[in-house]
Amino acid sequence: MRHFISVRDLTREDIDTVLDRAEAIHRHAYDPCALSGRILGLLFFEPSTRTRMSFESAIGRLGGGSIGVDSIEGSSMAKGESLADTVRVVSGYVDAIVLRHPKEGAARLASEFATVPVINAGDGAGQHPSQTMLDLYTIRQSMPLEKIHVGILGDLRYGRTTHSLVHALSLYDVTLSAIAPRTLELPQNTREELRERGVEVNSYEDVSEVIRDLDVLYVTRIQRERFPDAASYMNVAHSYRVTPELLTGVRKNLIILHPLPRAGEIDPRVDALPYAKYFEQARNGVPVRMALLLEVMR
Ligand code: CP
């Protein structure tokens with residue numbers, strides 16, 4: 001049984017295998033009945049549009065089906081059932097579980113009680129490894145995953161997509177720049193883990209200082225729901241915005257990614273510029289998650 005919990009558990013070869021398979025799927029080189037008769041359990045205890053729907057689309061395109069719940073209130077967890085008991089029970093109904101949960105570490109815990117593979121679809125401020133797979137896939141569509149400069153902008157403290165992404169990028173030969181308001185910097189333990197892998201992360205507070213040197217700008221939302229109170233959120237809300245004016249003089253090959261949803265940090269006028277790849281990135285969720293399901297469920 002193979003769980004998919006954290007990018008920390010993966011080698012570069014593991015990642016490349018999924019990306020190569022996703023590329024073949026994109027070219028329609030896959031068996032549409034590969035997971036016929038298999039059921040995917042979708043346990044989403046936090047809101048989601050992209051992750052949930054792209055997993056549903058992925059299993060459907062491989063001939064399987066899905067069942068699930070989309071809130072704590074809509075499940076027996078509202079009656080006090082533990083996550084451990086929930087996954088024990090759901091393991092009897094499905095062939096793999098996709099779990100989104102507000103608490104960091106929830107997917108790891110679930111994997112200890114499940115008797116089917118567990119895929120982490122986002123655990124609080126922890127990790128979001130399947131998002132990272134489609135982020136890397138989208139970069140690879142435009143440029144090789146080496147000798148590039150990637151800037152990660154926004155909420156690097158609570159942003160699970162950024163935590164997973166920096167770990168994955170540390171497996172490749174890239175330059176990493178972290179751009180964040182001082183209170184939302186990349187956690188110290190993440191920096192130390194990266195340093196142990198020989199990766200130094202440059203730090204900036206203002207994206208305009210580095211944007212002209214980047215090949216990839218990965219923008220994230222400041223997540224109101226992760227802050228302890230409204231005042232600490234308001235201190236940093238709206239502290240950056242990518243606009244066409246900001247992009248004057250950037251590299252021709254720059255791509256702008258965002259895991260979405262966005263909440264004002266990318267001006268909609270940027271959508272029409274050739275740099276904007278975030279909607280393509282969201283579309284890539286389907287072939288990449290198909291590749292992942294084939295890896296985990298077959
Ligand atoms: N990128 C992402 O995880 O989007 P959703 O929250 O809509 O799933």
Side-chain angles (χ1 to χ4, degrees), residues 4-7 15 18-19 22 40-61 66 68-74 96-107 110 118-139 141 150 152-169 184 216-227 242 255-266 268 270-271 276-293:
F4 191 73
I5 305 297
S6 166
V7 170
I15 295 173
V18 173
L19 302 189
L40 186 63
L42 299 164
L43 296 181
F44 276 69
F45 298 119
E46 265 194 343
S48 170
T49 297
R50 279 148 288 274
T51 311
R52 184 186 168 119
M53 293 187 72
S54 59
F55 267 116
E56 283 190 66
S57 175
I59 187 76
R61 285 167 197 269
S66 64
V69 295
D70 57 14
S71 65
I72 288 179
E73 297 70 36
I97 292 172
V98 180
L99 175 70
R100 172 167 289 189
H101 195 281
K103 286 217 175 93
E104 192 170 336
V118 173
I119 298 173
N120 181 5
D123 59 331
Q127 291 247 332
H128 193 351
S130 68
Q131 175 70 45
T132 294
M133 293 296 131
L134 67 98
D135 298 339
L136 298 177
Y137 184 79
T138 310
I139 296 173
Q141 282 181 319
V150 181
I152 302 184
L153 168 65
D155 176 0
L156 311 188
R157 178 175 178 186
Y158 300 114
R160 58 193 176 202
T161 61
T162 64
H163 299 161
S164 293
L165 183 61
V166 293
H167 276 103
L169 287 171
L184 295 180
V216 178
L217 175 63
Y218 190 91
V219 188
T220 61
R221 172 175 69 97
I222 295 190
Q223 305 167 96
R224 186 180 214 129
E225 65 273 24
R226 305 266 179 249
F227 283 77
V242 178
I255 61 168
I256 301 173
L257 303 181
H258 192 308
L260 303 176
R262 61 177 157 178
E265 57 281 342
I266 299 182
V270 174
D271 301 355
K277 299 289 181 200
Y278 28 91
F279 291 115
E280 205 169 314
Q281 180 187 1
R283 271 197 301 278
N284 287 336
V286 175
V288 170
R289 289 183 169 119
M290 287 169 74
L292 199 54
L293 292 181

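For ligands, and for the atoms within them, numbers begin at 1 and follow the listed sequence.
For the pair I139/Y218, no side-chain contact is recorded, criterion being any heavy-atom separation below 4.5 Å from C-beta on. At a threshold of 4.5 Å between non-hydrogen side-chain atoms, the residues Q127 and V7 count as touching. Contact annotation: the side chain of F227 approaches that of L184 to within less than 4.5 Å [non-hydrogen atoms, C-beta and beyond]. Side-chain contact between V69 and F45 is present, with heavy atoms from C-beta onward closer than 4.5 Å.
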- Item | Pair E46-R226, salt bridge (charged side-chain N to carboxylate O under 4.0 Å, His left out): steps then yes or no | CA-CA 12 Å; E46 265 194 343; R226 305 266 179 249; 2.9 Å; yes

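There is a side-chain donor-acceptor pair under 3.5 Å between H128 and R100.
Protein residues having a heavy atom under 4.0 Å from any atom of ligand 1 are S48, T49, R50, T51, R100, H128, Q131, P259, L260, listed by chain and number.
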